[in-house]
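Per chain, numbering begins at 1; letters A, B, ... match sequence-line order.
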2 protein chains.
Amino acid sequence: MTTKYSSSKENYLKAIFHLQETSGIVTTNDVAAELQTRPASVTDMLKKLKAQKLLLYEKYKGFRLSNDGRKVALQIIRKHRLWEYFLVEKLRFGWDEVHEIAEELEHISSKKLIDRLDEFLGFPKTDPHGDPIPDSQGRWVQVQQVPLTELPLNTPAEVSNITDQSSEILELLNHKNIALGSRMEVKKKFSFDNSLEIKMRNSHITISAELAKNILVKKV
Amino acid sequence: MTTKYSSSKENYLKAIFHLQETSGIVTTNDVAAELQTRPASVTDMLKKLKAQKLLLYEKYKGFRLSNDGRKVALQIIRKHRLWEYFLVEKLRFGWDEVHEIAEELEHISSKKLIDRLDEFLGFPKTDPHGDPIPDSQGRWVQVQQVPLTELPLNTPAEVSNITDQSSEILELLNHKNIALGSRMEVKKKFSFDNSLEIKMRNSHITISAELAKNILVKKV
DNA sequence: AATAAATTTTAGACAAACCTAAAAAAAATC
DNA sequence: GATTTTTTTTAGGTTTGTCTAAAATTTATT
């Protein structure tokens, strides 16, 4: 019953899902920007996705994924994140190197492959950036997380996600000894530049507003 | 320096390499049969491969891989066989289930990925069918092997390759307790049906001519 | 060597996924 | 509410890889 879709279609579904989750509403221009393509190409594809009942779409009126489209998108995200986990945990890749490779691997079609991989990896709950991995039924747990900028003072929390995935942010985080799971507390907020003073296990450090925005934490 | 080629081009290079190795000479019709496509489509692709200097080709005169084409083909074979090994050894797939999945995985482009995978697997020399895995330079060892039908009487040998990759042959081999590495000796050949009497570790068994043709052995 | 058969190539089409330029519709601004 | 701007869609074209049918070439047969 698992129909096969082209890599291109899968990329559209994933992009639409992603935009839907973050911004709520999705536009043709947004999708074009996300996929580095042209609005005209997006319209072409929207029609095809509608014809396959993966998308609810009325021209000029907007669009959103159908239930089926959502299911397909979640399976691609599952594959992407499991492969990222594999690359980092088993093949010792850096955090910042895995995205592109996973963009290719996520289109491998075998369901059995991905379920076996999941098992081999010990059914991980999140990928190396802290993003949740949907299970084989497409279910996932969205943890209650906030940007470090919004964490109240003196509240113990744990790093659960890094929004930016560049190697530049990785360099900085490594330098400051911050990783997924690191415990921290905000001790002071400076209104001049919105920088934060952070208490970590054995040290106090300063974090810029720019960096803090990209660190999501959950209270512990 | 590693140029990217389409999956389709890679499949042609692999097919031509394969035919070149087994039959010596390759024809348009052979390639069409191997790839389940039409001769006209093959001719189209031969021109493109020639334009990219992957193939030495003169129309109506035949063709063969250039050095570059050979290198590309070997890298795809390397990827295919490493993934097969991974699927069988790490994800517990059966021997007969892995080919199709590896057909997809072999087109993932990252060289670093495949070299890391090789390392993770412990630099295996052969895939689960006994076919040699080229190293990252494209070097490979072709073991001296013959079909069981051509092994002289009373000569100790070891199963090194199974030519056929179907699940039917696997079923039969499992039943007879034959696997890669099994030791055997041919004790008698029956000219009536060309069947063989084989001595194994603790038993004597009979093998049909049809099966024996598909079992390659190396002398020990 | 002439003819028949098989193989290979060309010519012209098609589908998927993209593009540019222009038209249509919706949203923003005066 | 009319006009300008932005967004979205259509129309028509390109590339890659495929196809069928017909033509060119080679090989086999008499």
Could I get the full list of ring pair (Phe, Tyr, Trp, His ring centres under 6.0 Å) partners for A:H18, not counting sequence neighbours? none
Taking OP1 and OP2 of C:dT10, is either one under 4.0 Å from a side-chain nitrogen or oxygen of B:K59? yes
Minimum-distance pair of heavy atoms, taken over all atoms of B:L13 and B:A73: O-CB, 3.8 Å
Output yes when at least one side-chain N/O atom of B:K47 is less than 4.0 Å from OP1 or OP2 of C:dT10, else no. yes
Here the pair of heavy atoms bringing B:P124 nearest to B:D118 is CD-OD1, 3.6 Å
Can you name the residues that form a side-chain hydrogen bond (donor to acceptor under 3.5 Å, both in side chains) with A:D44, not counting sequence neighbours? none
How many Å lie between CD on A:E58 and C1' on C:dA26, as a whole number? 15 Å
Any donor and acceptor pair, going by atom type alone, linking the side chain of A:K50 with main-chain N or O of A:Y57 inside 3.5 Å? yes
Both atom distances under 3.5 Å, Watson-Crick or G-U wobble: I'd like the secondary structure of DNA chain C as a dot-bracket string, with | for pairs made across strands. ||||||||||||||||||||||||||||||
Side chains of A:I16 and A:L49: closer than 4.5 Å at any heavy-atom pair? yes
Rounded to the nearest Å, what distance is computed from the OH atom of residue B:Y60 to the P atom of nucleotide C:dA6? 17 Å
Taking for A:K9 and for B:V42 the nucleotide of DNA chain C with the nearest heavy atom, the one nearer the 5' end belongs to B:V42
B:K111, NZ atom: more than 12 neighbouring heavy atoms under 6.0 Å: yes
When you measure from every atom of DNA chain D, which of residues 49-57 of chain A have a heavy atom less than 4.0 Å away? A:Y57
Is the closest side-chain heavy-atom distance between A:Y5 and A:H107 below 4.5 Å? no
Atom pairs, protein N/O to nucleotides 18-22 of chain D N/O, distance under 3.5 Å:
{"residue": "D:dT18", "atom": "OP1", "partner": "B:S8", "partner atom": "OG", "Å": "3.3"}
{"residue": "D:dT18", "atom": "OP2", "partner": "B:S8", "partner atom": "OG", "Å": "3.3"}
{"residue": "D:dT18", "atom": "OP2", "partner": "B:Y12", "partner atom": "OH", "Å": "3.4"}
{"residue": "D:dT18", "atom": "O4", "partner": "B:D44", "partner atom": "OD2", "Å": "3.3"}
{"residue": "D:dC19", "atom": "OP2", "partner": "B:T37", "partner atom": "OG1", "Å": "2.6"}
{"residue": "D:dC19", "atom": "OP2", "partner": "B:R38", "partner atom": "N", "Å": "3.2"}
{"residue": "D:dC19", "atom": "OP2", "partner": "B:S41", "partner atom": "OG", "Å": "2.4"}
{"residue": "D:dC19", "atom": "N4", "partner": "B:D44", "partner atom": "OD2", "Å": "3.3"}
{"residue": "D:dT20", "atom": "OP2", "partner": "B:R38", "partner atom": "NE", "Å": "3.3"}

Donor-acceptor pair, side chain of A:W95 and main chain of A:P128, under 3.5 angstrom: yes
For the pair made of NZ in A:K61 and P in C:dA26, what is the distance, rounded to whole Å? 6 Å
Could you tell me whether B:H99 and B:H80 have their ring centroids closer than 6.0 angstrom? yes
Can you check the B:Y5 OH to D:dG17 P distance for me, whole Å? 13 Å
Is the distance from OP1 or OP2 of D:dG17 to the nearest side-chain N or O of B:S6 less than 4.0 Å? yes
What closest approach, in Å, do A:R78 and A:I133 show between heavy atoms, and which atom pair accounts for it? O-CG2, 4.2 Å
Is the shortest heavy-atom distance from the side chain of A:K218 to the side chain of A:S160 under 4.5 Å? yes
Nearest non-hydrogen partners of B:L55 and B:R64, listed with the distance: CD1-O, 3.4 Å
Could you check which residues of residues 13-29 of chain B get a heavy atom under 4.0 Å from DNA chain C? Sort them by number, please. B:T27, B:T28, B:N29
I need the NZ-C1' distance between A:K4 and C:dA16, as an integer number of Å. 14 Å
Using a strict threshold of under 4.0 Å (side-chain N to carboxylate O), is an ion pair present between A:R92 and A:E97? no
